[in-house]
Novice: 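Dumping the structure here so I can ask a few things about it.
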Amino acid sequence: MLTYIAGSGAMGCRFGYQLHQVGQEVILLDNWQDHIKAVQEHGLQIVGDEEVTVEIPMMLPTQATKEADLIILFTKAMQLPQMLQDIKQVIGENTKVLCLLNGLGHEEVIRQYVPEKNILMGVTVWTAGLQGPGKAILQGTGSVNLQSIDQSGVEKAKEIVAILNEANLNVTYDEDVVPSIWRKACVNGTMNSTCALLDCTIGEFFKSPEAVAVVKTIIHEFVEVGTAEGVELDEAAIVKYVMDTSVKAAHHYPSMHQDLVQNNRRTEIDFINGAVARKGNRLNIQTPYCQMITDLIHAKESVLNIK
Ligand code: NAD
């Protein structure tokens, strides 16, 4: 089975590496030239829980030619349309495409390139980092929940679940994955954006009652919009999940902080709080906190001169 990892940053390297280790044919696709060069010349270096270097093919998306059996999408959300455009030559009639990006609304983009029967949407709590070109930091464990968005794709999706589990990716076929995708978006929408704006760890942010009130209001906006879209969301359970996560991850700077503050890169805000604000506008639901958080993140991108 030929698998392309479309977007081989931190998470793409993790999934590519784990599949490669169990003998799957994997090709990493990416647009970061220094990263491709490092992997091509020295192999993909894994550090963290294990230290190993693996030879694994890597190329530009436009250089991929062989039709894929599976494509795992792991770009940042704003890179997704260009990636799909760049790999359209390897998306065949039976190519399955699995999306594990954080954020909301990616299936609308994927549908423009992939027939519905081949789209798998999911969510993951695996983590990964990059220590520079060609070097991935892999620590801890995680899991994946995924679902075929079309009933006719379920059987094949379950076969893919089994293959991913051979690579110890801890994957579950989920009969209703959408609420989990929204729950993860609530985690990102409450702690990522706020910690990036306030330049603090998750634990530092959640310390004050004012911050917890902001978190609860953001979750309320997500739940109102999601519910109006027909997603079953339990607000109290999500608040508990977010609060529990904030305790477990108290010492961490979330990824949006790493992107914006530490590395001066654009963030996925338009696909998290921004997506809820846009959907709210369409549905006539007020989402002032999500809108303001989105505007402030863009203002900070401008302050930092990030293009
Ligand atoms: P990433 O930033 O590591 O990589 C995304 C893309 O950016 C890749 O093409 C990568 O090569 C490129 N890139 C990274 N650093 C770069 C640099 N310094 N210069 C130029 N290009 C660079 O993204 P990721 O963390 O793998 O996330 C991919 C998706 O998975 C996102 O939607 C993210 O929200 C989600 N996600 C991430 C994690 C995590 O722990 N990293 C966990 C769960 C979900």
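Heads up: numbering here begins at 1 and tracks the sequence. In listed order, ligands and their atoms are each counted from 1.
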Novice: Would you check the N or O atoms of T127, main chain and side chain alike, for any that come under 3.5 Å of an N or O of ligand 1?
Specialist: no

Novice: Give me the atom names and distance for the closest heavy-atom approach of P81 to Y113.
Specialist: O-OH, 3.9 Å

Novice: Under the side chain to side chain contact (heavy atoms under 4.5 Å, CB included) test against M58, which residue among L29, I27, V39 passes?
Specialist: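 With M58 as partner, L29, I27, V39 yield a single side chain to side chain contact (heavy atoms under 4.5 Å, CB included), made by V39.
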
Novice: How far is atom 4 (O) of ligand 1 from its nearest protein heavy atom, and which residue and atom is that?
Specialist: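 The answer is G9 CA, 3.4 Å.
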
Novice: Ring of Y173, cation from K158 - is the NZ or CZ under 6.0 Å from the centre and inside 45° of the axis?
Specialist: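 Judged by the rule (NZ or CZ under 6.0 Å from the ring centre, within 45° of its axis), K158 counts as positioned above Y173.
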
Novice: Measuring from non-hydrogen atoms of N31 to any atom of ligand 1, is the shortest distance under 4.0 Å?
Specialist: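 No, that is not the case, since the closest heavy atom of the residue is not under 4.0 Å from the ligand.
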
Novice: Have a look at ligand 1 and work out which part of K184, if any, has a heavy atom under 4.0 Å from it: side chain, backbone, both or neither.
Specialist: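 Contact part for K184 vs ligand 1: side chain (C-beta onward).
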
Novice: Is the closest heavy-atom distance from A128 to ligand 1 below 4.0 Å?
Specialist: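 Yes, A128 has a heavy atom closer than 4.0 Å to ligand 1.
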
Novice: Among all the protein's non-hydrogen atoms, which is closest to atom 3 (O) of ligand 1, and how far away is it?
Specialist: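 Here the nearest protein heavy atom works out to A10 N, 2.9 Å.
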
Novice: If every non-hydrogen atom of Y4 is compared with every non-hydrogen atom of T65, which pair is closest and at what distance?
Specialist: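 It is OH-N, 3.9 Å.
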
Novice: Can you report which non-hydrogen protein atom sits closest to atom 34 (O) of ligand 1, along with the distance?
Specialist: E268 OE1, 2.6 Å

Novice: Does Q79 reach ligand 1, in the sense of a heavy atom lying below 4.0 Å from it?
Specialist: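 Yes.
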
Novice: If we only count heavy atoms from C-beta on, is the M121 to I110 side-chain gap below 4.5 Å?
Specialist: yes

Novice: Among D69, T3, N118, whose side chain to side chain donor-acceptor pair (under 3.5 Å) with K96 holds?
Specialist: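 The single option meeting the side chain to side chain donor-acceptor pair (under 3.5 Å) with K96 is N118.
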
Novice: Are the charged groups of K66 and E25 less than 4.0 angstrom apart, N to O?
Specialist: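 Yes, this pair counts.
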
Novice: When you look for heavy atoms under 4.0 Å from ligand 1, do you find them on the side chain of T75, its backbone, both, or neither?
Specialist: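 For T75, only backbone atoms sit under 4.0 Å from ligand 1.
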
Novice: One thing to verify: whether E224 and K279 come together as a salt bridge, which I'm taking to mean a side-chain N less than 4.0 angstrom from a carboxylate O.
Specialist: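 E224 and K279: not salt-bridged.
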
Novice: Looking only at heavy atoms, which two atoms of H106 and L80 are closest? And how far apart?
Specialist: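 For H106 versus L80, the nearest heavy atoms are CB-CD2, 3.9 Å.
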
Novice: Checking D49 side chain against G140 main chain: does a donor-acceptor pair fall under 3.5 Å?
Specialist: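 Judged by distance alone, yes, a pair lies under 3.5 Å.
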
Novice: Closest non-hydrogen protein atom to atom 23 (O) of ligand 1, residue and atom name please, with distance?
Specialist: K76 CE, 3.4 Å

Novice: For atom 12 (C) of ligand 1, find the nearest protein heavy atom and state the residue, atom name and distance (0.1 Å precision).
Specialist: R265 NH2, 3.6 Å

Novice: For L260, is there any backbone N or O sitting under 3.5 Å from a side-chain donor or acceptor partner on E301?
Specialist: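 Not at all, since once roles are kept as given, no pair shorter than 3.5 Å links the two residues.
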
Novice: Please write down residue, atom name and distance for the protein heavy atom closest to atom 22 (C) of ligand 1.
Specialist: W32 CE3, 3.4 Å

Novice: Using a strict cut-off of 4.0 Å, indicate which atoms of ligand 1 neighbour a heavy atom of L101.
Specialist: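 Those atoms are 32 (O).
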
Novice: Please say whether N102 places an N or O atom under 3.5 Å from an N or O atom belonging to ligand 1.
Specialist: yes

Novice: Identify, for atom 11 (O) of ligand 1, the protein heavy atom at the shortest distance, and state residue, atom and that distance.
Specialist: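 Closest protein heavy atom to atom 11 (O) of ligand 1: D30 OD2, 2.6 Å.
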
Novice: What's the shortest distance from atom 37 (C) of ligand 1 to any protein heavy atom, and which residue and atom give it?
Specialist: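 Nearest protein contact, heavy atoms only, for atom 37 (C) of ligand 1 is M11 CG, 3.4 Å.
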
Novice: Under 4.0 angstrom from ligand 1, any heavy atom of W126?
Specialist: yes

